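This report concerns only the one structure given below.
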There are 2 protein chains.
Amino acid sequence: MKTRERILHTSQLLFNEEGEPNVTTVDISNEMEISPGNLYYHFKGKEAIIEALFARFEVTLSDILRAPLEKELSVEDSWFYLYVVFEEIYNFRFFYQNLTNLLHRYDSINRKYKRLMELKTRTAHALLSEVANHGILSIEDEELNQLCESITLLLTYWLTYCDLKGQQLGPPAAIHQGVFQIVHLVAPYLSDEYGHIYRECKALYQAATAELGH
Amino acid sequence: MKTRERILHTSQLLFNEEGEPNVTTVDISNEMEISPGNLYYHFKGKEAIIEALFARFEVTLSDILRAPLEKELSVEDSWFYLYVVFEEIYNFRFFYQNLTNLLHRYDSINRKYKRLMELKTRTAHALLSEVANHGILSIEDEELNQLCESITLLLTYWLTYCDLKGQQLGPPAAIHQGVFQIVHLVAPYLSDEYGHIYRECKALYQAATAELGH
DNA sequence: GTCTATATTAGGATAGAC
DNA sequence: GTCTATCCTAATATAGAC
């Protein structure tokens with residue numbers, strides 16, 4: 001792996017583990033066993049590293065979020081889809097653990113992030129309207145909007161919130177719970193004849209929870 | 001006001017406005033028009049100030065959260081009660097905007113905060129079970145637990161999330177929306193004969209939104 | 001209690017040799 | 001591309017006069 005790439009890789013790792021504010025350029029170069037001078041040859045500084053990492057995150061996450069806007073998903077796929085979104089957020093959790101501050105410091109990231117956030121809501125809206133059109137969900141327009149907002153908030157902060165609770169959940173368990181938490185937001189709107197979908201989810205959830213063990 | 005008190009007051013103000021990491025001891029003393037030396041006479045440093053502010057926050061918020069555990073609230077009071085909780089969180093929003101980091105830095109705060117968070121969930125649980133016992137809400141135990149978790153998350157992050165969206169909502173509007181967002185989480189579980197409660201809330205919400213302008 | 005002046009440190013950043 | 005050595009700055013913190 002080229003040095004530039006290794007810097008990004010190591011930074012992402014350390015940021016996620018220690019929290020971005022607690023990682024210095026020297027920490028990064030120590031971890032990589034290169035000199036700080038070398039790091040500065042490849043990047044103007046920590047800011048540039050963060051911007052590069054965010055650029056990557058933006059590309060992959062917005063691709064993920066746009067997919068269901070173009071091609072319809074089945075109900076089962078929608079459910080699996082949530083895992084994919086959470087997974088990607090998990091990979092850049094350092095970013096979410098420090099959102100307010102980062103967006104305050106970097107105006108460029110701020111603008112891009114806002115678009116991502118809107119895209120999250122838009123995707124949730126598209127997925128749910130579709131399910132509603134199939135008669136699986138029965139929900140009014142205004143309730144749908146509020147629901148999508150809650151889903152976006154939950155997607156944004158669930159993993160951070162799990163961290164806060166500090167019940168040493170492994171990442172798969174935390175993600176798994178997050179998915180189910182979202183399912184729970186949607187479940188009350190399932191049409192009567194589709195209540196079984198929720199019950200199946202629940203069974204799956206409990207099985208998987210048992211498997212992830214403790 | 002004594003100097004010690006003014007330091008706490010000014011710090012809280014600046015932290016909320018600029019974000020705690022962006023405020024230095026010198027900023028605080030400048031704002032107060034005292035010397036940095038003087039500030040250090042009263043507090044060992046920024047850490048001590050933050051700890052003192054958190055101690056206050058803990059006392060007032062845990063009092064608020066414990067109130068409904070002792071004395072039953074009417075449905076209308078529960079609704080108003082949410083405003084009180086949000087208001088208190090708003091007063092210490094600097095804390096919430098930097099949660100992960102602060103809890104990572106101060107172990108003492110970490111422990112106390114976890115208790116607060118559990119208390120939030122516990123209070124939500126108590127309020128909702130009561131309403132459920134009156135037959136107003138119809139909800140299973142497991143759904144209730146998940147709902148309370150979502151409410152805690154929303155309480156914790158709603159104001160931060162509004163900030164992120166950066167649609168220049170004034171604080172009253174943001175709080176107002178937060179309250180309604182929570183109402184929306186609960187609404188689907190209202191028993192049929194109590195659907196009117198939600199419709200009344202909605203009418204109130206729309207009236208108030210109009211009043212708050214935008 | 002408050003000030004001025006100064007010390008300490010850590011993090012970010014560069015210059016110049018190899 | 002990489003290293004060593006060094007600099008700059010901002011933030012924290014203290015000493016000692018008033």
Side-chain angles (χ1 to χ4, degrees), chain A residues 1-55 94-95 97-110, chain B residues 1-55 94-95 97-98 100-109:
Chain A
M1 214 190 316
K2 309 274 333 137
T3 303
R4 196 193 140 89
E5 190 52 34
R6 285 180 58 224
I7 293 174
L8 288 175
H9 184 256
T10 309
S11 304
Q12 187 174 348
L13 209 92
L14 289 181
F15 288 164
N16 278 334
E17 258 162 31
E18 318 283 345
E20 173 273 324
N22 310 312
V23 176
T24 72
T25 49
V26 177
D27 292 333
I28 298 168
S29 41
N30 276 347
E31 174 76 18
M32 297 173 62
E33 299 186 312
I34 64 170
S35 69
N38 191 359
L39 186 146
Y40 276 90
Y41 171 78
H42 291 280
F43 288 95
K44 267 223 280 287
K46 204 171 132 178
E47 303 214 345
I49 297 178
I50 292 172
E51 276 166 357
L53 284 175
F54 182 75
F94 77 88
F95 189 68
Q97 278 164 357
N98 212 17
L99 258 185
T100 311
N101 220 259
L102 280 168
L103 300 189
H104 195 253
R105 267 150 59 200
Y106 307 97
D107 206 55
S108 64
I109 296 188
N110 192 352
Chain B
M1 218 189 313
K2 307 269 344 132
T3 304
R4 195 192 140 89
E5 189 53 33
R6 284 179 59 221
I7 293 174
L8 288 175
H9 185 256
T10 310
S11 303
Q12 186 173 349
L13 210 93
L14 289 182
F15 289 163
N16 278 334
E17 258 162 29
E18 318 283 345
E20 173 272 324
N22 311 312
V23 176
T24 71
T25 49
V26 176
D27 292 333
I28 298 168
S29 41
N30 276 347
E31 174 76 18
M32 297 173 61
E33 299 186 313
I34 64 170
S35 68
N38 192 0
L39 186 145
Y40 276 89
Y41 171 79
H42 291 280
F43 288 95
K44 266 222 278 290
K46 204 172 132 177
E47 302 213 347
I49 296 177
I50 290 173
E51 276 165 357
L53 284 175
F54 182 75
F94 77 88
F95 189 68
Q97 277 164 358
N98 213 17
T100 310
N101 221 259
L102 281 169
L103 300 190
H104 195 254
R105 268 152 57 200
Y106 306 98
D107 204 56
S108 64
I109 297 187

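Every heavy atom of this structure was used, including side-chain atoms; hydrogens, water molecules and symmetry mates were not. Throughout, a chain's letter reflects where its sequence line sits, starting with A, and its residues are numbered from 1. Note that this is a predicted model, so its numbers are computed, not measured.
In this structure, I49(A) and L8(A) have side chains that are in contact, with non-hydrogen atoms separated by less than 4.5 Å. For the pair L39(B) and V26(B), the minimum side-chain heavy-atom distance is 4.5 Å or more.
The side chain of Y40(B) has dA13(D) as its nearest neighbour among dG1(C), dG1(D), dA13(D).
For M1(B) and dG1(C), the CE to C1' distance is 17 Å, given to the nearest whole Å. Between M32(B) atom CE and dC3(C) atom P the separation is 9 Å, expressed in whole Å. When the P atom of dA11(D) is taken as reference, atom CD1 of I50(B) falls 14 Å away, rounded to whole Å. Between the P atom of dT4(D) and the CD atom of E33(A) lies a distance of 12 Å, rounded to the nearest Å. In this structure, the OH atom of Y41(B) is 15 Å from the C1' atom of dG16(D), given to the nearest Å. Atoms CG (N38(A)) and P (dC18(C)) sit 17 Å apart, rounded to a whole Å. Separating the NZ atom of K46(A) from the P atom of dT9(D) is a distance of 20 Å, rounded to the nearest angstrom. Counting to the nearest Å, the P atom of dG1(D) and the CZ atom of F43(A) are 12 Å from each other.
Here E51(B) does not pair with K44(B) in a salt bridge; the nearest charged N to carboxylate O distance is not below 4.0 Å.
Among the atoms of the strands shown, base atoms are found under 4.0 Å from some heavy atom of V26(B). Residue contacts shown for T24(B) are limited to sugar-phosphate atoms, with no base heavy atom under 4.0 Å away. Within 4.0 Å (heavy atoms only), G45(A) reaches sugar-phosphate atoms of the nucleic acid but no base atom.
N38(A) and S35(A) share no side-chain donor-acceptor pair at under 3.5 Å.
Contact annotation: T25(B) side-chain N/O to dT12(D) OP1/OP2 distance is under 4.0 Å.
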